[in-house]
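These figures come from a predicted structure and were not determined experimentally.
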Amino acid sequence: TKGGPKEELGFLFKTIILVEKLNFDLVFSSPATSEDKFFAVFYIPNKTPKNRIGVSVAKKLINKATKRNRLKRVIKNSFLGNLNSEEGVDVVVRVKYQASRVASDKILLESLANHWQKIMICSTTRKTTNG
């Protein structure tokens, strides 16, 4: 149908991506972080039932656009497949230099899965202590 919403992966990403600088700054200022040698993940609960993601890849660290885009794609796919939180969470992933040096995506996906696990644990414990 012409003009209707598209049900493909690209459209789904557009509905769950943080794009405004104000949203990024809000998440970056949150004390809740998860960090390893590949990624620094900042997160904060939002008031919507959806989880939203933002990805920050510095051009100075990873100068090739193909590598930056591949990392963003890996992060977003992992986010969609693995982060299942009952209440909405805004997440910003800052990519570190070591992530561009990894030969296999499997290592990056394991690292991201650990971050998503930590976020889900923190969001459920916060919910039980407040209620």
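- Within the 4.5 Å cutoff, side-chain heavy atoms of Leu71 are placed close to those of Ile62.
- A donor-acceptor pair under 3.5 Å links the side-chain atoms of Lys118 to the main chain of Thr33, judged by distance alone.
- Separation of atoms NZ (Lys72) and CD1 (Ile53) is listed at 12.0 Å; rounding is to 0.5 Å.
- Heavy-atom minimum distance, Tyr43 versus Ser34: CE2-N, 4.3 Å.
- In this structure, the side chain of Ser78 does not engage the main chain of Val74 through any donor-acceptor pair within 3.5 Å.
- Closest approach of Lys37 to Gln98, counting heavy atoms only: O-CB, 3.4 Å.
- Annotation: the span from Arg70 atom CZ to Thr66 atom OG1 amounts to 8.5 Å, rounded to 0.5 Å.
- Each of Asn77, Asp105, Ile75 was scored for a side chain to side chain contact (heavy atoms under 4.5 Å, CB included) with Leu112, with one residue passing: Ile75.
- Atoms CG and CG, on Asn51 and Asn46 in that order, are 7.0 Å from each other to the nearest 0.5 Å.
- In this structure, Arg68 contributes its side chain and Ala58 its backbone to no donor-acceptor pair below 3.5 Å.
- Residue Phe38 forms a side chain to side chain contact (heavy atoms under 4.5 Å, CB included) with just one option from Val93, Val102, Val95, and that option is Val102.
- Within the 3.5 Å criterion, the main-chain N or O of Leu61 finds no donor-acceptor partner in the side chain of Lys96.
- Rounding to the nearest 0.5 Å gives a distance of 10.0 Å between CG of Asp90 and NZ of Lys47.
- Residues Asp36 and His115 meet the side-chain proximity criterion, which asks for heavy atoms closer than 4.5 Å.
- Separating the CZ atom in Phe42 from the OG atom in Ser29 is a distance of 10.0 Å, to the nearest 0.5 Å.
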